[in-house]
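Taking it in order: structure first as structure tokens, then the write-up.
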Amino acid sequence: MARFLRLALVAIGLIGRCLAAHPVLATTLDDLYQSQTIVTGQGEENRQIGFRDCLDRVLVRVSGDQRLLDKPEIADLRDKAGSFVDAFRYHDRLEGIPIHDEQGTHDRPHDLTCLYKPDVIDKVLASLGSRPWLGERPALTILLAVERAGRGFVLASDGDESPYMRESFEAAAQPLAMSIVIPDKATLTKGGFIFEEVRAMATSPEMLGGVARTLGGRPLLFGHISWRDRELGWVVDWWLAVDGKTLAVDGKTYEWQVRGVSFDEAFRAAIRGAAQILSGNGQPG
């Protein structure tokens, strides 16, 4: 265990330098108070569906609190979701591809982006007993052990085991205006972060608090993800270690789990959970 702790601290120091080279981009209010979803065509019926989805997304994006969507009051707000939108725009996801067969423009998938005025959304949040999570959002260092069919690897930014996982993790961060840093293979190798060592961290999560402090207060999002045939999907345990001296949350390690999901949903659950904690909204469910 002493050897593992030594290796972990060395690796985290290397990751810290990696983080320093990848600062978090500041999010402007205009960037924060907007959301995007996919709709079919530009018809009014689908637009209203899109407005409801965009309202859900912007409330979580601005507040960091995914629990808002479980509140009973949200149903009435969704019914008038369009009234909160200041402006919206479409982007044809098949742009450049000619209409063919019997497909019309009303059948083509579009990105619907909704823009909101901060004071409007802040009032909606207040009605739900919430508030905006403003300011620069800290980067998350991602350390993930992936296991399937008795084989495993540690997710690396330049690894070739599963580039789709890297892309999926990055896509999961964007809706919450979060930033992630995945260490590269050289950093993992120099720090001794081979699969067996990283997987062992799942049995000693109490060590992660020291790792977070070594990072100078930056959150460490650690996970162990494994495929389970019986669950018909991935089972993932997530831990977030934070330093309470520099973040508006207790200096402790938080844990949550998702079961029987795609890795896309597993990574969305990771980012949503981290955002809920870091925004001061408590433990993920």
Side-chain angles (χ1 to χ4, degrees), residues 4 8 12 56 60-61 63-71 137-156 161-162 164-176 178 180-183 193 195-212 215 218-244 247 249-285:
F4 171 67
I12 290 305
D56 284 1
V60 176
R61 179 179 174 88
S63 70
D65 190 359
Q66 60 184 312
R67 298 173 303 176
L68 295 180
L69 305 186
D70 296 327
K71 288 181 174 284
R137 301 188 176 186
L140 299 173
T141 301
I142 307 298
L143 191 57
L144 178 65
V146 183
E147 188 170 6
R148 184 170 188 173
R151 302 178 61 185
F153 63 92
V154 180
L155 188 66
E161 295 91 347
S162 183
Y164 301 112
M165 282 191 170
R166 296 196 305 273
E167 295 168 3
S168 177
F169 229 134
E170 291 166 354
Q174 191 277 331
L176 273 297
M178 298 290 286
I180 66 170
V181 176
I182 301 173
F193 270 154
F195 171 72
E196 289 77 10
E197 297 283 4
V198 174
R199 182 177 58 180
M201 294 176 69
T203 62
S204 302
E206 67 276 3
M207 299 176 63
L208 297 176
V211 171
L215 284 173
R218 293 184 184 274
L220 174 69
L221 181 58
F222 167 67
H224 175 238
I225 179 171
S226 59
W227 176 265
R228 305 283 179 83
D229 290 336
R230 185 165 52 186
E231 300 281 352
L232 300 178
W234 296 91
V235 173
V236 197
D237 291 289
W238 293 113
W239 290 267
L240 182 73
V242 298
D243 185 346
L247 295 171
V249 294
D250 294 334
K252 57 184 291 187
T253 299
Y254 297 79
E255 180 180 357
W256 64 104
Q257 185 185 76
V258 289
R259 305 181 67 89
V261 297
S262 66
F263 64 72
D264 293 309
E265 178 55 28
F267 299 158
R268 286 191 289 266
I271 298 296
R272 289 195 301 261
Q276 184 169 316
I277 295 165
L278 295 172
S279 60
N281 285 299
Q283 173 75 39

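All residue numbers in this chain count up from 1 along the given sequence.
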Which heavy atom of [X] sits nearest a heavy atom of [Y], and at what distance?
X: P219; Y: A139; value: CD-O, 3.3 Å
X: I225; Y: F263; value: CD1-CB, 4.1 Å
X: S279; Y: A275; value: OG-O, 2.7 Å
X: A145; Y: V198; value: CB-CG1, 3.8 Å
X: A269; Y: V258; value: CB-CG1, 3.6 Å

Salt bridge (Lys or Arg N to Asp or Glu O under 4.0 Å) against R199, all qualifying residues, sequence neighbours excluded: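 E147.
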Just jot down the salt bridge (Lys or Arg N to Asp or Glu O under 4.0 Å) partners of R259, sequence neighbours excluded, or say none. E231
For E161, enumerate each residue passing the side chain to side chain contact (heavy atoms under 4.5 Å, CB included) test, keeping only those at least two apart in sequence or located in another chain. F153
What's the spacing between [X] [atom1] and [Y] [atom2] if we round to 0.5 Å?
X: L144; Y: R166; atom1: CG; atom2: CZ; answer: 12.5 Å
X: M165; Y: I182; atom1: CE; atom2: CD1; answer: 10.5 Å
X: L221; Y: F267; atom1: CG; atom2: CZ; answer: 10.0 Å

Between [X] (side chain only) and [Y] (backbone N and O only), is there a donor and an acceptor less than 3.5 Å apart?
X: S168; Y: Y164; value: no
X: S204; Y: M201; value: no
X: R67; Y: G282; value: no

S63 and L68: CA distance, side-chain angles, deciding distance, side chain to side chain contact (heavy atoms under 4.5 Å, CB included) verdict: CA-CA 9 Å; S63 70; L68 295 180; 3.4 Å; yes
Should L155 and F169 be marked as a side chain to side chain contact (heavy atoms under 4.5 Å, CB included) after you check the CA-CA gap, both sets of side-chain angles, and the distance that decides it? CA-CA 11 Å; L155 188 66; F169 229 134; 4.2 Å; yes
Enumerate donor-acceptor pairs with a distance under 3.5 Å from any side-chain N or O in residues 234-241 to protein atoms, sequence neighbours excluded.
unit_1, atom_1, unit_2, atom_2, d
D237, OD1, Q257, NE2, 2.8
W238, NE1, A266, O, 3.3
W239, NE1, E255, OE1, 3.3

In the structure I gave you, are the side-chain heavy atoms of [X] and [Y] within less than 4.5 Å of one another anywhere?
X: L143; Y: T141; result: no
X: Q174; Y: R61; result: yes
X: L278; Y: L140; result: yes

With sequence neighbours left out, what residues match R272 under side chain to side chain donor-acceptor pair (under 3.5 Å)?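 In terms of side chain to side chain donor-acceptor pair (under 3.5 Å), with neighbours along the sequence ignored, R272 is linked to Q66, E265.
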My understanding is that only residues two or more places apart in sequence, or in another chain, count here; which of them pass side chain to side chain donor-acceptor pair (under 3.5 Å) with D70?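 In terms of side chain to side chain donor-acceptor pair (under 3.5 Å), with neighbours along the sequence ignored, D70 is linked to no residue.
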